[in-house]
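Predicted model, so just to flag it, every value in this text is computed and none were measured. Per chain, numbering begins at 1; letters A, B, ... match sequence-line order.
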Number of protein chains: 2
Amino acid sequence: MPILAATRSSYPVPATERPTPQADDVRLIGVTMSYARGREICGQGERANHVYKVIRGAVRSFRMLSDGRRQICDFYLPGDIFGIELGGERRETAEALADTVLLVARRSALIDEEDGPMARQLWRLAVAELQRSQDHVLTLGRRSASERVASFLVDLSDRLGAGEDLELPMSRQDIADYLGLTIETVSRSLTQLQAIGMIKVGGCRLIHLCRPAALADLCE
Amino acid sequence: MPILAATRSSYPVPATERPTPQADDVRLIGVTMSYARGREICGQGERANHVYKVIRGAVRSFRMLSDGRRQICDFYLPGDIFGIELGGERRETAEALADTVLLVARRSALIDEEDGPMARQLWRLAVAELQRSQDHVLTLGRRSASERVASFLVDLSDRLGAGEDLELPMSRQDIADYLGLTIETVSRSLTQLQAIGMIKVGGCRLIHLCRPAALADLCE
DNA sequence: CGCTCTATTGAGTGGGGTCAAATAAGGTGG
DNA sequence: CCACCTTATTTGACCCCACTCAATAGAGCG
């Protein structure tokens with residue numbers, strides 16, 4: 001019998017089978033599932049049969065080169081929808097950053113519908129993700145290490161709606177693989193931003209933005 | 001009276017007013033316009049009232065940081081559609097790489113339609129562009145200079161359907177701004193790829209891929 | 001308290017950037 | 001068609017930001 005499973009588990013656990021009470025943006029009907037920290041949600045090369053909405057926790061989505069270099073494409077936070085692909089095969093792997101609860105819906109429930117409004121919702125979703133990806137391209141292509149870290153913090157603060165006190169759901173390694181840097185460089189950039197009074201690092205998952213506006217200005 | 005204008009002109013010139021005879025992918029109804037090399041097609045911050053399909057020539061789409069650093073998000077080649085935005089404002093500027101002919105359609109003709117199949121076409125278009133952008137992220141985040149240039153050449157060859165003889169529609173500066181490098185590094189990478197027998201540079205706009213498969217392998 | 005995992009800091013290196021000069025490729029006007 | 005001018009590309013010399021390798025310091029957990 002499915003239960004709401006917030007406990008650490010080795011395999012994904014169905015949590016409830018009711019559709020979400022309120023659908024914010026896109027109406028998803030599916031099953032909520034729990035994933036333990038680090039667990040794979042869906043893998044590169046698999047058939048893309050489901051789409052996901054983050055209820056609690058956080059997710060990283062990434063691709064790897066054959067020699068092991070990893071690039072994180074995006075992090076997904078509560079409210080975000082991910083996993084909508086064009087063709088049948090997934091191009092990215094998604095993993096839970098922390099213990100995470102997802103709403104899992106059949107892809108067919110979304111895509112095969114001859115429903116104009118729904119298709120437009122999907123389109124909006126795709127365009128919004130495209131814009132995020134293009135911001136990412138700008139950051140990776142033309143910003144220095146500390147600018148990348150600054151823009152990352154600003155973006156995360158906006159998305160979490162957390163104001164000036166950020167609790168990072170991801171490790172330094174994840175940030176590095178998102179920003180195209182190494183963990184050492186991420187760490188040094190944080191130290192440097194702290195030195196110029198932009199932020200205050202209080203434990204490795206806690207960051208206070210002392211001057212959010214100035215931080216945003218760093219990214220132009 | 002609008003004419004088919006292939007001549008160099010200072011301002012965009014309407015070419016014909018008939019809809020395209022055959023629509024490949026998305027049925028666009030609009031006006032064909034000619035743009036001289038270097039001319040702006042639409043600018044960052046403007047209202048996004050039109051969408052564009054490349055008939056002849058090529059287009060670069062880019063964003064700039066306040067200090068002048070430029071990041072090219074994508075190049076658009078004959079057959080490609082671009083300029084579909086979510087909100088009202090454009091986030092990127094588009095310019096003609098060479099003398100270019102575009103089919104220009106009103107955005108409203110696409111978006112306001114309550115047409116399921118059309119909305120799905122739009123969605124496919126957006127997802128396809130998203131996938132290209134995510135490939136770009138992987139390249140910028142985790143590949144070395146010569147790997148970037150190699151993957152760029154392979155991708156361009158695929159898209160142009162040109163086989164092993166590539167005619168580049170863009171300058172070294174454009175390539176550099178697309179790949180997050182400098183022109184000097186692009187040039188050195190090309191020289192290096194030539195030195196190991198991968199390509200043959202014959203004039204700055206002509207590149208022959210001697211070993212296309214090996215070149216693709218460089219990008220893993 | 002000790003073990004393990006993660007993050008920070010330090011020292012040294014190298015890939016790609018900067019600056020500058022040489023070369024090649026286009027245009028333009030005579 | 002050629003000489004001249006302008007712009008784009010290549011090459012060289014040198015430097016610096018970010019990477020690598022290594023050691024230290026915290027954090028989390030049993």
Could you state the atom-to-atom distance from [atom1] of [X] to [atom2] of [N] in whole Å?
X	N	atom1	atom2	value
Arg37(A)	dG28(D)	CZ	C1'	10 Å
Leu190(B)	dA24(C)	CG	C1'	15 Å
Glu147(A)	dA18(D)	CD	C1'	14 Å
Gln173(B)	dT10(D)	CD	P	12 Å
Asp174(A)	dA7(C)	CG	P	9 Å
Arg143(B)	dC19(D)	CZ	P	17 Å
Asp99(B)	dG27(C)	CG	C1'	14 Å
Met170(B)	dT7(D)	CE	C1'	19 Å

Which residue in the set Arg63(A), Arg91(A), Glu92(A), Gln71(A) passes side-chain hydrogen bond (donor to acceptor under 3.5 Å, both in side chains) when paired with Gln134(B)?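 Running side-chain hydrogen bond (donor to acceptor under 3.5 Å, both in side chains) over Arg63(A), Arg91(A), Glu92(A), Gln71(A) with Gln134(B) returns exactly one hit, Glu92(A).
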From the list [options], which nucleotide is the closest neighbour of the side chain of [X]?
X	options	result
Arg172(B)	dT9(D), dG16(C), dT8(C)	dT9(D)
Ile183(B)	dT11(D), dT9(D), dT9(C)	dT9(D)
Thr182(A)	dA13(D), dT20(D), dA20(C)	dT20(D)
Ser144(A)	dA18(D), dT10(D), dG16(C)	dA18(D)

Judged by modelled atom types alone, do Gln173(A) and Asp177(A) share a side-chain donor-acceptor pair under 3.5 Å?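 Present: a donor and an acceptor within the cut-off.
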Beyond-backbone contact of Glu147(A) with Glu220(A), side-chain heavy atoms, under 4.5 angstrom: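 With C-beta onward as the side chain, the pair touches.
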Indicate yes or no: at least one non-hydrogen side-chain atom of His136(A) is less than 4.5 angstrom from one of Tyr178(A).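 Side chain of His136(A) against side chain of Tyr178(A), heavy atoms only: contact under 4.5 Å found.
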Mind checking if Leu181(A) touches a base, just sugar-phosphate, or nothing, with heavy atoms under 4.0 Å?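 The residue Leu181(A) makes sugar-phosphate contact but no base contact.
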Donor-acceptor pair under 3.5 Å, Glu184(B) side chain vs dC19(C) base: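 Side chain to base: pair found, below 3.5 Å.
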Between the side-chain atoms of Arg188(B) and the base atoms of dT18(C), is any donor-acceptor pair under 3.5 Å?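 Donor-acceptor pair under 3.5 Å: yes.
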Taking only N and O in the side chain of Thr185(A), is any of them less than 4.0 Å away from OP1 or OP2 of dC19(D)?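 Yes, such a contact exists.
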Testing Leu209(A), Leu168(A), Ile175(A), Ile207(A) one by one against Leu156(A) for a side chain to side chain contact (heavy atoms under 4.5 Å, CB included), which residue passes?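 Passing option: Leu168(A).
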DNA chain D: 5'-proximal contact among Val201(B) and Arg205(A) (nearest heavy atom):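 First, find each residue's nearest nucleotide; the 5'-ward one identifies Val201(B).
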